[in-house]
Amino acid sequence: MPKVTLELTEKEMRHLAEVCAMSLTVLGQAMPETRDARADAWHRLLVDVLKAARTVPSIARDMELNPDCGYWFFKRPYVDEAFYSDVVDEYRESVFWEELVTRMASQSLLENLGAEAYDSLPAEERAGRVSSMEKALWNEVSHHGLDRLLFMLPPEES
């Protein structure tokens with residue numbers, strides 16, 4: 001396969017290395033045990049880019065051979081302050097709230113209708129009802145977080 005040459009400034013190389021670090025972080029969390037040829041190919045490419053970034057002296061001082069993962073990665077103090085860490089944190093936060101709201105809306109509909117009625121609803125109608133509940137829940141959590149949500153446990157669990 002023919003090789004492609006890419007010319008980057010040091011700043012662009014640092015950005016690319018951070019994008020690779022972010023991708024490795026997400027890939028490791030999303031598919032930790034998966035043996036998928038595509039994920040393996042991405043992993044090798046990302047590690048190779050980080051290895052190439054290490055050849056730039058201004059970037060190399062922020063990297064180390066990480067014993068946990070076995071390849072060159074940014075040092076912990078750098079990761080703690082890196083923009084890509086902020087992006088990953090914001091992504092996790094948005095996924096958390098989205099998943100929470102979606103599951104709460106589905107669960108509320110299931111509890112209100114009962115399992116049989118819930119399962120018998122056409123998919124479009126179920127999605128419409130869940131969607132309207134999601135809007136109300138989004139409004140609540142975006143303004144108040146979890147402060148005004150009430151979780152009721154059965155007596156045997158409280």
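Hydrogens, waters and symmetry mates play no part in the numbers below; they use all other heavy atoms, side chains included.
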In Å and rounded to the nearest 0.5 Å, what is the [atom1] to [atom2] distance from [X] to [Y]?
X	Y	atom1	atom2	answer
Cys20	Leu24	SG	CG	7.0 Å
Lys11	Ser58	NZ	OG	12.0 Å
Arg92	Ser94	CZ	OG	11.0 Å
Met31	Gln29	CE	CD	13.5 Å
Leu121	Glu116	CG	CD	11.5 Å
Leu137	Met133	CG	CE	8.0 Å

Joint cluster assignment, [X] & [Y], ILVMFWY side-chain distance < 4.5 Å:
X	Y	answer
Leu6	Val56	yes
Leu50	Leu65	yes
Val130	Leu100	no
Val49	Val47	yes
Phe96	Trp138	yes

With side-chain contact (heavy atoms from CB on, under 4.5 Å) as the criterion, how do Phe73 and Val79 come out once you've worked through the C-alpha distance, each side chain's angles and the decisive distance to 0.1 Å?
CA-CA 9 Å; Phe73 201 81; Val79 170; 4.0 Å; yes
Decide if atom [atom1] of [X] counts as having more than 12 heavy atoms of other residues, nucleotides or ligands within a radius under 6.0 Å.
X	atom1	value
Trp42	CH2	no
Glu124	CD	no
Glu98	CD	no

Strictly by side-chain hydrogen bond (donor to acceptor under 3.5 Å, both in side chains), give each pair with a member in residues 45-56 just once, sequence neighbours left out.
none
Does the side chain of [Y] come within less than 4.5 Å of [X]'s, by heavy atoms?
X	Y	answer
Trp97	Val141	yes
Tyr118	Leu109	yes
Lys75	Arg61	no
Leu113	Arg129	yes
Phe74	Ile59	yes
Leu8	His15	no

Stepwise salt bridge (charged side-chain N to carboxylate O under 4.0 Å, His left out) check, Asp40 with Arg44
CA-CA 6 Å; Asp40 291 343; Arg44 283 190 302 277; 5.1 Å; no
So that I can tick it off, tell me whether Glu99 and Arg103 are bridged by a salt bridge, with the cut-off set at under 4.0 angstrom between side-chain N and carboxylate O.
yes
Flag, side chain of [X] to backbone of [Y], donor-acceptor distance under 3.5 Å:
X	Y	answer
Glu90	Val87	no
Ser120	Ala117	yes
His143	Asn139	yes

Are the aromatic ring centres of Tyr71 and His43 under 6.0 angstrom apart?
yes
In short, Arg76 meets Glu64 closest at the heavy-atom pair N-OE2, 4.4 Å
Is it the case that the side chains of Tyr78 and Glu18 hold a donor-acceptor pair, with the cut-off being a distance below 3.5 Å and no angle test?
yes
